[in-house]
Amino acid sequence: MVIAKDFYLRTDVVSVARDLLGKLICTRVNNEVTKGIITEVEAYNGVQDRACHAYGGRLTGRTQVMFEEGGIAYVYLCYGMHHLFNVVVSHPHDPKAILVRSIEPLSGGGVMLMRRKPSGRIDRSLTNGPGKLTKALGINISNNGMALDSEELWIENHLNISDNDIVTTTRIGISYAGEDALLPYRFYIKGNEFVSRY
DNA sequence: GGAATGATTCTCT
DNA sequence: GAGAATCATTCCG
């Protein structure tokens, strides 16, 4: 069942991030459906968060989708070769987003393998990283700004993860953010092996 | 126009 | 654990 829009309109991005754990990211590309359980996320807390692309209210061509109403995708190219997938949260002009860092393949695993590494195997290395899962799901820049109840891209309810099964840590790869790099904004499902780092 | 820089991943060693 | 790959975006002039 596709998640209702209200889910994304809350202003507390950390709460939405924790609630995203256990949900399904689904894509349909060339009529091939792939689905993965969200196992790891990071929250980016708007204008006050130095790690957020929209820090200080920076409104640019890239960040503008974060300034729109929650419930859409923010996809951008990182390091010139990896697409990273984010969920935009909160109301217009409150640029908060959640980076999905890892998923566990649920269906379409064979398709994901072909997109990633045909000679590989379906294991944690297939989708345990933000750049890996977008490639496996066929997500790219054309999905930027797309609503998360679209025919090609949507998020479904699946598992309910209790607070006791969520591990909280600091975010990865944002040392440029100074003290904000120490914020406890990374969450993953305890005991799940489809996580980028433990 | 030009230079710097990543919300990363893969391949060696 | 170190180094390369690789380019859109951003900021400065």
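The analysis underlying the following values was restricted to heavy atoms, covering all of them including side chains, and did not include hydrogens, waters or symmetry mates. Remember, predicted model here, so these are calculated numbers, not experimental data. Each chain gets a letter, A, B and so on, in the order the sequences are listed, and its residues count up from 1.
Between the side chain of H53(A) and the base of dA7(B) there is at least one donor-acceptor pair of N/O atoms closer than 3.5 Å.
Between Y79(A) and dA5(C), no base-stacking contact is recorded for ring centres under 5.5 Å apart and planes less than 30° from parallel.
Backbone-only engagement by L84(A) is indicated by non-hydrogen atom pairs under 4.0 Å involving sugar-phosphate atoms exclusively. Nucleic acid contact for R101(A): sugar-phosphate only, since backbone atoms but no base atoms lie under 4.0 Å from a heavy atom of the residue.
Among dA8(C), dA7(B), dT10(C), the nucleotide with an atom closest to any side-chain atom of T63(A) is dT10(C). You'll find that the side chain of P130(A) is closest to dT9(B), out of dT9(B), dA7(B), dC11(C). For L77(A), the side-chain atoms get nearest to dC7(C) when compared with the rest of dA7(B), dC7(C), dC11(C).
No side-chain donor-acceptor contact under 3.5 Å links R101(A) to the backbone of G129(A). The backbone N or O of I189(A) lies less than 3.5 Å from no partner atom in the side chain of D165(A), so there is not a single donor-acceptor pair. Judged by distance alone, the side chain of T34(A) and the main-chain N or O of M112(A) form no donor-acceptor pair under 3.5 Å. Side chain of R171(A) to backbone of L183(A): no donor-acceptor contact under 3.5 angstrom is found. With hydrogens and angles disregarded, a donor-acceptor distance shorter than 3.5 Å links the side chain of R116(A) to the backbone of S125(A).
Listed here is the closest heavy atom pair of N128(A) and S102(A): CA-OG, 3.2 Å.
Residues T60(A) and G80(A) each lie close to DNA chain C; by heavy-atom proximity, the contact nearer the 5' end of the strand is made by G80(A). Toward the 5′ end of DNA chain C lies the nearest nucleotide of M81(A), the other residue of the pair G61(A) and M81(A) mapping further downstream.
Whole-Å rounding puts the N140(A) CG to dC7(C) C1' distance at 16 Å. With rounding to whole Å, H83(A) atom NE2 is found 14 Å from dT6(C) atom P. As a whole-Å value, the separation of L133(A) CG from dA7(B) C1' is 12 Å. Between the CD atom of Q64(A) and the P atom of dA8(C) there is a distance of 18 Å, given to the nearest Å. As a whole-Å value, the separation of Y76(A) OH from dT10(C) P is 11 Å.
Pairing analysis of DNA chain C (Watson-Crick: purine N1 to pyrimidine N3 plus N6-O4 or O6-N4; G-U wobble: N1-O2 and O6-N3; both under 3.5 Å) yields stems of 3 or more pairs at B:1-6 with C:7-12, B:8-12 with C:1-5.
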Let me see the working for K5(A) and E69(A) under salt bridge (charged side-chain N to carboxylate O under 4.0 Å, His left out), right down to the final yes or no. CA-CA 10 Å; K5(A) 182 141 189 157; E69(A) 189 172 69; 3.2 Å; yes
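Contact of the V89(A) side chain with the R10(A) side chain is not registered, since no non-hydrogen atoms from C-beta on lie closer than 4.5 Å.
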Could you list all N or O pairs between the protein and nucleotides 10-13 of chain B that sit under 3.5 Å apart?
{"from": "dC10(B)", "atom 1": "OP1", "to": "R116(A)", "atom 2": "NH1", "distance (Å)": "2.6"}
{"from": "dC10(B)", "atom 1": "OP1", "to": "R116(A)", "atom 2": "NH2", "distance (Å)": "3.1"}

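When the options N45(A), T63(A), V47(A) are evaluated for a side chain to side chain contact (heavy atoms under 4.5 Å, CB included) with P95(A), the one that passes is V47(A).
Taking 4.0 angstrom as the limit, R58(A) places a side-chain polar atom (N or O) nearer than this to OP1 or OP2 of dC11(C).
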